[in-house]
Amino acid sequence: MVSGAQARVPFIVLVAALLYSLAIIATAVEVNRPFWRLDCGNLSNDTGPVAIHRNMRLLALVYGWGAVAMFAVYGFSGVRWQHGWQYGSALALIAFFFLLYVHISDGDRRRLRTRRAMLRMQRLTLLHGACALAGLGYLVLSGKMWSTRADWPGSVIFLAGSLAVAALCLISAHTQSQIAARADGLGPQQSDAANGA
């Protein structure tokens, strides 16, 4: 991405960014696939929280990549944009908070085990994905993707990042719904035991 920005060739920057997005989406599918194949007998108290934490770490990787890409492109390519470090810092902070939440909640997963907590997390995940899609739509419809101003590499980073975040949120929400559906299929007493309610 730095080389492409330095050469002022947006296509190279776009391809590099999209390759990262596709790699992280493929990783998310592989990470979540085992949860989609679980039968009721393999559910445990930690199934839901483990899935949530794994997907949050993947989201942190996307935001962390966005931060590193911003700092690298605007620090080493010769392209100058006064807001590059601000957006890079904001992305790094979001990644940090995702990891902090995983670390804090990992010690006490009981709060994430209840059916209500899982439903709330699923709604937040879908809202997060919808926001990413809205940002993606804004980038495309506003014409920022075809701008020749200094913020064009930032727009590419936001495009690839929004695509990855939206896909990860959909994958994560699907996983949460699959786990909830299987837990519901256990019956009231077994479902409570599986979800830790």
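Along the sequence shown, the residues carry numbers beginning at 1.
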Trainee: Can any side-chain N or O of Gln122 pair as donor or acceptor with the backbone N or O of Ala173 at less than 3.5 Å?
Mentor: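 The answer is yes, because a donor-acceptor pair under 3.5 Å joins these two groups.
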Trainee: Mind listing the closest non-hydrogen atom pair of Gly4 and Ile12 along with its distance?
Mentor: CA-CG2, 3.8 Å
Trainee: With a 4.5 Å heavy-atom cut-off, do Arg8 and Val79 have their side chains touching?
Mentor: yes
Trainee: Using ring pair (Phe, Tyr, Trp, His ring centres under 6.0 Å) as the criterion, list what pairs up with Trp36, not counting sequence neighbours.
Mentor: His174
Trainee: Taking C-beta and beyond as the side chain, do Arg54 and Phe35 meet within less than 4.5 Å on heavy atoms?
Mentor: yes
Trainee: Could you tell me whether the side chain of Ser172 and the main chain of Leu168 form a donor-acceptor pair under 3.5 Å?
Mentor: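 No, Ser172 side chain to Leu168 backbone: no donor-acceptor pair under 3.5 Å.
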Trainee: Assigning hydrophobic clusters by single linkage (Ile, Leu, Val, Met, Phe, Trp, Tyr; side-chain heavy-atom cutoff under 4.5 Å), is Leu91 placed with Leu99?
Mentor: no
Trainee: To the nearest 0.5 Å, what is the distance between CZ on Arg116 and CG on Leu119?
Mentor: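 Taking CZ in Arg116 and CG in Leu119, the distance rounds to 9.5 Å.
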Trainee: For the residue pair His53 and Ser105, establish whether any side-chain heavy-atom pair is separated by less than 4.5 Å.
Mentor: yes
Trainee: Look up atom CG in Leu170 and atom CG in Asn32, then write down how far apart they are to the nearest 0.5 Å.
Mentor: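 Interatomic distance, Leu170 CG to Asn32 CG, rounded to 0.5 Å: 11.5 Å.
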Trainee: side-chain contact (heavy atoms from CB on, under 4.5 Å) with Leu19: which residues, sequence neighbours excluded?
Mentor: Val15
Trainee: Could you grab the distance from atom CG of Leu100 to atom CZ of Phe97, nearest 0.5 Å is fine?
Mentor: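 Going from CG on Leu100 over to CZ on Phe97, the span is 7.0 Å.
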Trainee: With sequence neighbours left out, write down each residue that passes side-chain contact (heavy atoms from CB on, under 4.5 Å) with Leu14, or none if nothing qualifies.
Mentor: Leu18, Val156, Leu159
Trainee: What distance do Ser89 atom OG and His83 atom NE2 have between them, rounded to the nearest 0.5 Å?
Mentor: 13.0 Å
Trainee: Working note: Met121 + Met56, criterion side chain to side chain contact (heavy atoms under 4.5 Å, CB included); need CA distance, chi angles, decisive distance, verdict.
Mentor: CA-CA 11 Å; Met121 190 59 71; Met56 283 189 145; 4.3 Å; yes
Trainee: Which distance, rounded to the nearest 0.5 Å, do you find between the CG of Leu133 and the CG of Leu126?
Mentor: 10.5 Å
Trainee: How about OH on Tyr87, more than 12 heavy atoms from neighbouring residues, nucleotides or ligands closer than 6.0 Å, or not?
Mentor: no
Trainee: In residues 60-72, what donor-acceptor pairs under 3.5 Å come from side-chain atoms, sequence neighbours left out?
Mentor:
from: Tyr63; atom 1: OH; to: His128; atom 2: NE2; distance (Å): 2.7

Trainee: Kindly write out the residues that satisfy ring pair (Phe, Tyr, Trp, His ring centres under 6.0 Å) with Tyr74, not counting sequence neighbours, or none if the list is empty.
Mentor: Trp81
Trainee: Do Ile104 and Leu124 share a hydrophobic cluster (ILVMFWY, side-chain heavy atoms under 4.5 Å, transitive)?
Mentor: no
Trainee: Measure across Cys169 and Thr125 and return the closest heavy-atom pair with its distance rounded to 0.1 Å.
Mentor: O-CG2, 3.2 Å
Trainee: Same hydrophobic cluster for Val31 and Leu59, using side-chain heavy-atom links shorter than 4.5 Å among ILVMFWY?
Mentor: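 Yes, it is one cluster - the side chains of Val31 and Leu59 are joined through contacts under 4.5 Å.
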Trainee: Transitively linked via ILVMFWY side-chain contacts under 4.5 Å: Val165 with Val140?
Mentor: yes
Trainee: Please answer: with hydrophobic residues joined when any side-chain heavy atoms are less than 4.5 Å apart, are Tyr101 and Leu58 in the same cluster?
Mentor: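 Yes, one cluster joins them.
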Trainee: Please enumerate all residues that pass salt bridge (Lys or Arg N to Asp or Glu O under 4.0 Å) together with Arg33, with sequence neighbours excluded.
Mentor: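 In terms of salt bridge (Lys or Arg N to Asp or Glu O under 4.0 Å), with neighbours along the sequence ignored, Arg33 is linked to Glu30.
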Trainee: Nearest 0.5 Å please: distance from the CZ atom of Phe158 over to the CG atom of Leu139.
Mentor: 8.0 Å
Trainee: Looking only at heavy atoms, which two atoms of Gly48 and Ile179 are closest? And how far apart?
Mentor: CA-CD1, 4.1 Å
Trainee: List the atom of Gly161, the atom of Ser21, and the distance in Å for their closest heavy-atom pair.
Mentor: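 Scanning both residues completely, I find the closest heavy atoms to be N-OG, 4.2 Å.
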Trainee: Tell me the closest heavy-atom pair linking Val9 and Trp152, and the distance in Å.
Mentor: C-CH2, 4.3 Å
